[in-house]
Amino acid sequence: MSWADWLKRPGPDVAPMLLGAVLTSRTDEGQVAVSLTEVEAYDGPADPASHAWRGRSPRNAVMFGPPGFLYVYLSYGMHWCANVVTGPDGAASAVLLRAGRVVLGHDLARSRRGPGVADRALARGPACLTRALAIGRTHNGLDLSPGHTLSLEPGPRLHAVSVGPRVGVSRAAEVPWRFWVTGDETVSAYRRSPRASPPPVPNDPSW
DNA sequence: TGAACGATTTCCT
DNA sequence: GGAAATCGTTCAA
């Protein structure tokens, strides 16, 4: 199955395939590329935790478009978060890019994140990832095909993949649609939404 | 027209 | 472990 065909599948199916994929940002300053290590799936209007839950709106319109485009939104009035639109045109599935490992342009990424930030933390967390790649509101709706300002290209098939509940969401928090590279140091620290129900396995350290 | 609330990060104790 | 920072979106009236 081709990369483009994979992206036509629902978010939860595509999400684990995105681990190891490389997202590259090209600006006047240079290039920064990250290998994705943590992602989170949202599955259209039927998913209570998705921005698409209440239907199409000016903000989430990109989600309702074709797969392979970037959906960017502002979180907490100060952080940009980036998603890859997946599923057939109109399905409104998306995968939130939560963390990655910088594989190109460390110095540029550090200049955007701060001089004291460790390499492993440059793109650890959804807002840190967008900062390292200089992704903002102007990138909403961009095509992620190769050669563009932002591009997403497949990486090696990974086998050590972990699954758990999504971070920060208060609805459908029990759905295990967060995927990460097992044991990877660039994966963000897990913090469940304070409004979410108690975890099914509260004492499992991998959760 | 107004108020509540985030798919968060960072700093402080 | 707790709270602040900060603003667009959503929902109620």
Side-chain angles (χ1 to χ4, degrees), chain A residues 10-12 14-16 18-19 23 34 36-64 69-87 91-100 102 109-141 152 162-180 185-199 202 205 207:
Chain A
V14 177
L18 293 183
L19 295 175
L23 180 65
V34 304
L36 299 176
T37 57
E38 181 186 2
V39 297
E40 210 165 75
Y42 292 85
D43 196 20
D47 177 4
S50 172
H51 285 177
W53 188 44
R54 299 178 191 281
R56 185 176 182 138
S57 72
R59 173 173 69 155
N60 64 26
V62 174
M63 290 179 81
F64 285 80
F69 286 73
L70 196 73
Y71 165 51
V72 179
Y73 69 93
L74 182 63
S75 175
Y76 290 86
M78 63 195 90
H79 303 303
W80 296 104
C81 295
N83 301 250
V84 176
V85 176
T86 74
S93 265
V95 177
L96 171 66
L97 308 181
R98 292 197 53 87
V102 175
R110 192 176 300 102
S111 74
R112 292 167 174 163
R113 290 275 292 117
V117 177
D119 281 3
R120 50 180 263 183
L122 287 174
R124 186 176 57 184
C128 295
L129 184 147
T130 58
R131 276 183 64 185
L133 296 174
I135 293 173
R137 118 191 298 153
T138 59
H139 298 84
N140 188 39
L152 180 67
S162 296
V163 183
R166 294 178 288 188
V167 175
V169 303
S170 56
R171 304 172 188 277
E174 74 288 353
V175 181
W177 281 349
R178 171 182 175 242
F179 304 84
W180 67 94
E185 59 188 4
T186 65
V187 173
S188 68
Y190 172 63
R191 281 204 299 272
R192 173 180 294 267
S193 166
R195 303 175 72 91
S197 307
W207 283 35

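Side chains included, hydrogens not; waters and symmetry mates left out as well; all remaining heavy atoms used. Just so we're on the same page: letters track the sequence lines, and every chain starts at 1.
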Exercise for the section: May I have the distance from A/R59 (atom CZ) to C/dC7 (atom C1'), rounded to whole angstrom? Expected result: 12 Å
Exercise for the section: Test A/V95 against A/Y42 for side-chain contact (heavy atoms from CB on, under 4.5 Å), laying out the working first. Expected result: CA-CA 6 Å; A/V95 177; A/Y42 292 85; over 6 Å; no
Completion exercise
Rounded to whole Å, the CG-P distance (A/L74 to B/dT8) equals 12 Å
Problem - Same-atom distance (P) from B/dG2 to C/dT6, integer angstrom - result: 22 Å
Problem - A/R166 CZ - B/dG6 C1' separation (whole Å) - result: 15 Å
Exercise for the section: Answer yes or no: does a side-chain N or O of A/H51 lie under 4.0 Å from OP1 or OP2 of B/dA7? Expected result: yes
Handout entry: Pairwise 5' ranking along DNA chain C for A/S57 and A/G77, keeping only the more 5' one
Key = A/G77
Handout entry: Under 4.0 angstrom between A/R171 side-chain N/O and B/dC5 OP1 or OP2
Key = no
Exercise for the section: Whole angstrom is fine here: how far is it from OH in A/Y76 over to C1' in B/dA4? Expected result: 13 Å
Practice task
Let me know the distance between CG of A/N140 and C1' of C/dT9, rounded to the nearest Å.
Solution key: 14 Å
Problem - Spacing between A/R54 atom CZ and B/dA7 atom C1', to the nearest angstrom - result: 14 Å
Practice task
Could you walk me through whether A/R131 and A/V117 pass the side-chain contact (heavy atoms from CB on, under 4.5 Å) test, one step at a time?
Solution key: CA-CA 12 Å; A/R131 276 183 64 185; A/V117 177; over 6 Å; no
Practice task
Provide, to the nearest angstrom, the distance between the NE2 atom belonging to A/H79 and the P atom belonging to C/dG8.
Solution key: 14 Å
Practice task
Using a cut-off of strictly less than 4.0 Å, decide whether A/R56 has a side-chain nitrogen or oxygen near OP1 or OP2 of C/dT10.
Solution key: no
Practice task
Answer yes or no: does a side-chain N or O of A/R131 lie under 4.0 Å from OP1 or OP2 of B/dT9?
Solution key: no
Exercise for the section: For B/dA7, take OP1 and OP2 only and decide whether either is under 4.0 Å from a side-chain N or O of A/S50. Expected result: no
Exercise for the section: Quick one: label A/A127 by what it contacts on the DNA or RNA (base, sugar-phosphate, nothing), any heavy atom closer than 4.0 Å. Expected result: sugar-phosphate
Fill in the blank from the handout: In terms of heavy-atom contacts, A/A41 and A/R166 come closest through O-NH1, 2.9 Å
Problem - Whole angstrom value for the distance that separates C1' of B/dC5 from CH2 of A/W53 - result: 14 Å
Completion exercise
Out of C/dG8, C/dT10, B/dA7, minimum distance to the side chain of A/R137 belongs to C/dG8
Practice task
Would you mind telling me which of C/dT6, B/dG6, B/dT8 lies closest to the side-chain atoms of A/S170?
Solution key: B/dG6
Problem - Side-chain heavy-atom pair A/W180, A/E40 within 4.5 angstrom cut-off - result: no
Exercise for the section: Provide the closest heavy-atom pair for A/R112 versus A/A132 in the form atom of the first, atom of the second, distance. Expected result: NH1-O, 2.9 Å
Exercise for the section: Give a yes or no on whether a donor-acceptor pair under 3.5 Å exists between the nucleobase atoms of B/dA7, that is its base, and the side chain of A/Y73. Expected result: yes
Exercise for the section: Tell me the partner of C/dT10, counting only Watson-Crick (N1-N3 plus N6-O4 or O6-N4) or G-U wobble (N1-O2 and O6-N3) with both under 3.5 Å; none if nothing fits. Expected result: B/dA3
